[in-house]
Amino acid sequence: MPAVCFHRASLVFWAGVLCSVARAAEEVVPTTVRTEPVAGNVFTLTGAGGNVGMCVGDDGILLIDSDYAARGKAPLRFVVNTHWHFDHVGGNEKLARAGALLIAHENVRTRMSTEQRLGHIERRVPPSPAGALPSLTFRDTLTLYLNGDEVRIVHVESAHTDGDSLVLFRNANVLHVGDLYFNGGYPFIDVRAGGSLDGMIRAIDEALALTNESTRIIPGHGRVSGVADFRAYREMLVTVRDRVRALVNEGQTREAVIAASPTRELDEKWGRGAFPPDAWVGIVYDGMTRK
Ligand SMILES: [Zn+2]
């Protein structure tokens with residue numbers, strides 16, 4: 001098929017999904033869903049929750065995460081959940097009903113099958129209905145071949161949670177890193193669900209090893225970035241970890257560690273996201289002192 005036709009066909013698919021995704025999102029959240037091209041046939045859908053990655057082509061559609069419950073007759077084939085949090089799996093059931101195969105690390109299915117508590121905000125998360133659970137799970141890696149690309153799904157251990165995956169579109173040179181990366185803000189680490197700051201930094205190193213200087217990085221939250229910004233985010237994590245660890249080793253209390261403002265000069269750049277400096281330092285402290 002000539003390239004022009006391929007692109008036209010893709011755009012028709014893409015527009016169809018986009019409309020149904022946007023309609024469904026409007027039912028759930030009073031916000032519009034923005035779409036942005038990233039590279040090749042990879043796009044992002046962004047709105048209220050986690051960034052959804054989308055690969056579109058003649059083979060059908062693959063979504064990375066499912067904050068939006070798309071409806072209609074979109075030729076959806078695969079949904080990959082980067083982890084179990086509700087803002088990344090919320091559309092699973094509807095997308096599965098629309099024909100998508102739900103794929104995730106085995107710990108995502110385990111956590112979605114049982115009641116969970118989100119540590120920081122103490123939110124009870126009930127078990128998901130059977131139709132929302134990933135029906136294909138894996139332990140280490142899984143590779144999909146679709147739309148002319150090789151899509152590598154790689155599990156990283158104990159990072160944002162215990163079931164995180166990176167998704168690399170090898171040909172498009174795009175890497176979706178889920179909630180390992182909150183671009184422009186301090187992140188959340190779900191220590192109760194097996195996450196850790198050390199693990200997050202290790203996982204970012206694994207992610208960086210999959211990139212080159214022109215790779216586009218899709219974060220779980222915040223704008224798509226290049227590799228340099230992702231490295232700067234890693235440096236921020238290392239700086240905060242080292243400062244908080246030093247205070248913890250001195251035997252400081254949680255309140256004293258927060259009052260010491262170990263994020264100081266970093267707050268200008270990172271302190272205006274979903275997690276303000278105090279909350280972020282508390283997350284780091286709790287992770288380090290957890291028995
Ligand atoms: Zn998350």
Side-chain angles (χ1 to χ4, degrees), residues 25 28-29 44-53 63-69 79-92 95 102-128 132-134 137 153-167 175-204 206-207 217-225 230 233-234 236-237 270 273-276 279-280 282-284 286-287 290:
V28 183
V29 286
T44 53
L45 307 178
T46 55
N51 290 332
V52 174
L63 294 179
I64 310 300
D65 286 341
S66 67
D67 189 41
Y68 312 109
V79 173
V80 179
N81 297 130
T82 57
H83 62 293
W84 71 274
H85 287 157
F86 54 86
D87 56 335
H88 297 260
V89 304
N92 271 16
L95 295 171
L102 305 176
I103 302 170
H105 184 263
E106 58 190 18
N107 290 347
V108 173
R109 185 178 163 100
T110 302
R111 293 205 175 274
M112 287 179 70
S113 304
T114 53
E115 183 179 274
Q116 300 290 313
R117 283 201 188 180
L118 265 174
H120 177 66
I121 51 179
E122 291 288 334
R123 172 172 174 163
R124 275 172 185 274
V125 184
S128 297
L133 300 178
T137 64
I153 310 168
V154 180
H155 171 59
V156 285
E157 285 185 14
S158 182
H160 174 66
T161 68
D162 63 2
D164 301 308
S165 292
L166 312 169
V167 184
L175 180 64
H176 195 308
V177 295
D179 280 1
L180 297 186
Y181 186 18
F182 283 56
N183 188 13
Y186 293 127
F188 174 60
I189 298 171
D190 194 347
V191 175
R192 282 195 179 186
S196 78
L197 179 51
D198 281 332
M200 201 149 165
I201 293 165
R202 272 196 305 273
I204 290 169
E206 286 183 51
I217 313 279
I218 304 178
H221 299 270
R223 298 190 68 81
V224 172
S225 88
F230 192 35
Y233 169 82
R234 180 196 180 280
M236 177 276 289
L237 296 183
W270 304 99
F275 296 92
W280 164 234
I283 290 167
V284 175
D286 292 343
R290 189 177 161 82

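Scope of the values below: all heavy atoms of this structure, side chains included, with no hydrogens, waters or symmetry mates. All ligand and atom numbering here is 1-based and tracks the order in the structure. Keep in mind that what you see is a predicted model, and the values were worked out from it rather than measured.
At a threshold of 2.8 Å, the Zn ion (ligand 1) has no backbone or side-chain N, O or S atom of Asp87 nearer than that distance. Put simply, His88 stays out of reach of the Zn ion (ligand 1), with no N, O or S atom under 2.8 Å from it.
Under the 3.5 Å distance criterion, the side-chain polar atoms of Thr161 are left unmatched by any main-chain donor or acceptor of Gly194.
Between the side chains of Asp65 and His176, no donor-acceptor pair of N or O atoms lies under 3.5 Å. Between the side chains of Thr110 and Asn107, no donor N or O sits under 3.5 Å from an acceptor N or O. No donor-acceptor contact under 3.5 angstrom links the side chains of Ser225 and Tyr233, judged on distance only.
The NE2 atom of His83 and the NE2 atom of His160 meet at the Zn ion (ligand 1) at an angle of about 100°, given to 10°.
The atom of His85 nearest to the Zn ion (ligand 1) is ND1, with the search restricted to N, O or S atoms. Among the heteroatoms counted here (N, O or S) of Asp179, OD2 is the one nearest to the Zn ion (ligand 1).
In this structure, Phe182 has its ring center no closer than 6.0 Å to that of Phe188.
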